[in-house]
Amino acid sequence: MQFSYDWLKTQANPNLSADEMAHLLTMSGLEVEEVETAAPAFSGVVVAEVKSVEKHPDADRLSITQVDAGTGELIQIVCGAPNVAAGIKVPCALPGAVLPGNFKIKPTKMRGQTSNGMLCSTNELDLPDDGVDGLHILPADAPVGQDIRDYLALDDVLMTLKITPNRADCLSIKGLAREVAALTQCENRPLALQTASVQSGKTQAVRIDAPQDCGRFISRVIENVNAQAATPDWLKQRLARSGIRSISALVDIGNYVMLELGQPMHVFDADKLHGSIIVRRAENGETLACLNEKTVTLADNTLVIADEQGALSMAGLMGGEASAVSDGTRNIVLEAAWFAPAIIAGKSRQYGFGSDSAFRFERGVDWALQADAIERATELVLQICGGEAGALTEALGQLPAANRVEVRLSRVETLLGVHIEAAQVEAILRHLGLNPKATAEGFSVSAPSFRFDIEIEADVIEEIGRVYGYDNIPDERTSGRLKMLPLPETKQSRFDVYRQMAARGYQEVVSYAFVNEEWEQDFAANADPVRLQNPLAAQYAVMRSTLIGGLVEILQNNLNRKQSRVRVFEIARVFSKASDGRFVQNERVGGLLYGSALPEQWGEKSRSVDFYDAKADVEALLAGKTVQFVKAAHPALHPGRTAEIVLDGQTIGFIGELHPQWLQKYDLPQAALVFEVDMAAVAAKEKAAYRPVSKFQPVRRDLAFVMPEEISHDSLLSALHSAAGKLVQEISVFDVYRGAGLPEGMKSLAVKIMLQDTEATLTDETVEPLIGRLIQAAADVGAQLRG
């Protein structure tokens, strides 16, 4: 929100410089993003009256003017502006003046005629464009000779606030003045509102059909207005300095009241309405031509202002073209309403456009402000456009209830870490409009209608600390000792996992938990993901159930930047729905490999990464655990190059090559390998246990088994491990053979078996029966000892 400091000082003037005020607001939680003057630096420009105008004898486009600039005598100035005329008042730069851009004015001759100054346009003074081709025409009552900076208040300071969503009460001059008065204890001089006298008997009937969405709706008819009346310069100036352009007097008045009081308003052409105004939900498929020249198809989650024939406007967001005021408007209906923030929130994204009104309504407007806004708007309409006002018509729905909160002084001191006297606490609460009442332990306060965020004790204590001043709380009060608790022996830290992945050449990435719904369909075949009620953008509409989408997007970004070898990992949460409707969060470790297996070098031949490179990384990640890789299917992965990762009979993840379909869709030149493992399984580790080192010689037996290709390496090793006794220290495959000497569709696996006892030397009588059991276990899964 942008506002004029001069305008603010009309209601609360703490006698602080602009920089001091900016610091005060920022330290109180209202961040000031930008501070700038209303006009750039220039000097020597005054209000002048053009007394006479003659054509230049030697130039068709120049005029010779005689100008009264308050110096006591007329000044001759040669001017080329097309709108110069006798009797007008304009800014005049006298000799010695310095205009923006360090442009210095001095007497000069133009086509033989002396010019002792310069008559100025808005562009030459670097002021907001007034849409006039030529000189900037000043009002007829502008005092001749007055410095233009003083007359136009060009030393005013414009501040831009970054308002947090809970402080909608500060989105107006009235709210800011209330805040400044609380922070500085200066006098708050709110605008004195005048109740309009009823001069017309015409009223506008209103009905609320959605009481949970609209708590109050007030209307007033004003007849016989002059819609073509000019907006006063003072009002246009305040609008411009708040970042709003002037449109027409009636529209400008609505915008002005919104800025001044914080209540968005709308003005209808009364003669374009049909019957009662009805506040209701839109019907699916209902259309509305909006003031922004867009025609939208409304959804049934949208609140509309309608009449007997159809929708007139989108409540709190945008007015409709059909009922808008124009230069021919004679009778108007002023409208001020309170809409529940929940019904307005998200509509700007839903329909692709926003408004200053929606910005306020979705954060919460004061629900007791509507009548004041109507009276203020009526006063300005009658003053500027004339007319006769009718009586107010009010319809009520469900309004919020005032919330009382108990605040304990002991809790204030505990949370803020500083002692504040009860009298000072009471003064702070009173200035904030919280109506404190003393209790045995502190105060009981009631949240005013303009503060939606005051719900619990901590909210009130935050307000006390904010007004007291965070910079007044001593630093040493907020210090404390951090106690580092040891991890249990059965769990490794996240940082250990980070280091393991980094040691294998991976770089950590962080991606959004909100993802494109298309990713969920492609990479998880998830047709019913966890949806966001109010997404940041269309491409962030659902919560991820897999990390693959984010990793693929990061791969694409790297490829676009000519990075051909990529290894990235992420440790993050994924989200899903349980069968009973609950939302479930699980933390996963996800990784992606792409490009060459090794960095480019002379010592090794270049080759692309494959399934076994990824498998080696997963095995390193799960070191010390006996895991199996079982052939499986996954919607994101290649049908023949995918495996489930199984630990103790439970599937803890998957690994595989990205499906060719997705390589083509996501424009990946070659295959990418991905894996995803439950973080809980990765972090778990066995408690360290003592095992004596045997002093006896180990025994090695090598066995070669012939088996069909469909029998996996894991199936054989699992069978051997199940039959092994405590003497077997290691079982591993050291050779795989296919080819001559073996039937078609068969393979041979050579297995090393290491046996050792800690108490005696092994003999053939002990070893041979055990080897026999292993051979039989292999036979049970279809592997025969090779002859």
Side-chain angles (χ1 to χ4, degrees), residues 1-14 21 25 30 38 153 156-161 163 167-182 186-196 216 218 220 222 229 231-267 316 319 332 334-338 355-361 363-385 389 392 433 448-451:
M1 172 191 170
Q2 182 176 295
F3 70 94
S4 157
Y5 191 25
D6 281 354
W7 189 6
L8 174 63
K9 288 190 287 189
T10 62
Q11 296 192 27
N13 187 2
M21 174 56 71
L25 292 174
L30 303 178
D156 187 11
V157 175
L158 310 183
M159 297 187 191
T160 302
L161 294 179
I163 299 289
R167 295 308 309 272
D169 60 298
C170 291
L171 289 171
S172 66
I173 295 298
K174 177 182 179 179
L176 283 172
R178 182 172 52 224
E179 182 75 5
V180 169
C186 72
E187 181 186 0
N188 184 12
R189 303 185 299 275
L191 188 72
L193 296 173
Q194 299 180 3
T195 302
R216 176 180 282 120
I218 300 179
R220 165 173 275 163
I222 303 180
T231 303
D233 287 343
W234 64 268
L235 195 151
K236 283 199 283 190
Q237 182 188 82
R238 286 183 171 177
L239 288 178
R241 292 183 183 179
S242 300
I244 296 179
R245 66 183 180 90
S246 174
I247 298 174
S248 67
L250 292 174
V251 175
D252 290 349
I253 288 169
N255 287 332
Y256 181 82
V257 173
M258 177 184 69
L259 294 171
E260 186 175 53
L261 301 181
Q263 171 66 51
M265 300 189 65
H266 191 68
V267 184
I332 63 171
L334 294 178
E335 167 260 304
W338 182 85
S355 66
D356 290 324
S357 296
F359 187 79
R360 287 162 172 79
F361 275 125
R363 285 159 173 77
V365 170
D366 183 350
W367 49 267
L369 189 61
Q370 289 69 50
D372 288 349
I374 288 285
E375 294 294 357
R376 176 58 170 159
T378 301
E379 177 186 351
L380 292 173
V381 169
L382 297 180
Q383 175 185 330
I384 297 169
C385 303
L392 296 180
S449 57
F450 52 83
R451 289 302 296 270

Apply the salt bridge (Lys or Arg N to Asp or Glu O under 4.0 Å) test between Arg220 and each candidate in Glu375, Glu379, Glu335; give the one that qualifies.
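When Glu375, Glu379, Glu335 are each tested with Arg220, the salt bridge (Lys or Arg N to Asp or Glu O under 4.0 Å) holds only for Glu375.
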
Would you say that [X] contacts [Y] through its side chain, given a criterion of any heavy-atom pair below 4.5 Å between the two side chains?
| X | Y | answer |
| --- | --- | --- |
| Arg241 | Trp7 | no |
| Leu158 | Ser4 | yes |
| Leu369 | Phe450 | no |
| Asp366 | Asp372 | no |
| Asp356 | Met258 | yes |
| Ile163 | Arg363 | no |

Would you compute the distance between atom [atom1] of [X] and atom [atom2] of [Y] and round it to the nearest 0.5 angstrom?
| X | Y | atom1 | atom2 | answer |
| --- | --- | --- | --- | --- |
| Ile253 | Thr378 | CD1 | OG1 | 9.5 Å |
| Ser172 | Arg178 | OG | CZ | 6.5 Å |
| Ile218 | Met265 | CD1 | CE | 9.5 Å |
| Asn13 | Met21 | CG | CE | 8.0 Å |
| Lys236 | Thr231 | NZ | OG1 | 6.0 Å |
| Thr10 | Arg238 | OG1 | CZ | 5.0 Å |

Kindly give the heavy-atom pair with the smallest separation between [X] and [Y], and that separation in Å.
| X | Y | answer |
| --- | --- | --- |
| Gln263 | Ala373 | CG-CB, 3.5 Å |
| Val267 | Leu250 | CG2-O, 3.9 Å |
| Ile173 | Met1 | N-CE, 4.5 Å |
| Ala337 | Phe361 | O-CE2, 3.5 Å |
| Leu176 | Cys170 | CG-O, 3.6 Å |
| Tyr256 | Leu380 | CD2-CD1, 3.6 Å |

Between Leu191 and Arg376, does a side chain to side chain contact (heavy atoms under 4.5 Å, CB included) hold up when you go through it step by step?
CA-CA 9 Å; Leu191 188 72; Arg376 176 58 170 159; 3.1 Å; yes

Between the main-chain N or O of [Y] and the side-chain N or O of [X], is there a donor-acceptor pair closer than 3.5 Å?
| X | Y | value |
| --- | --- | --- |
| Arg360 | Leu171 | yes |
| Trp338 | Ala368 | no |
| Asp156 | Ala38 | no |

Decide if atom CZ of Arg245 counts as having more than 12 heavy atoms of other residues, nucleotides or ligands within a radius under 6.0 Å.
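Atom CZ in Arg245 is not packed in, count stays at 12 or less.
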
Listed by chain and number, what are the side-chain contact (heavy atoms from CB on, under 4.5 Å) partners of Ala177, not counting sequence neighbours?
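With sequence neighbours excluded, Ala177 shows a side-chain contact (heavy atoms from CB on, under 4.5 Å) to Leu8, Gln11, Ala12, Asn188, given in chain and number order.
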
Quick one: do Asp252 and Ile384 satisfy side chain to side chain contact (heavy atoms under 4.5 Å, CB included)? Show the steps, please.
CA-CA 11 Å; Asp252 290 349; Ile384 297 169; over 6 Å; no

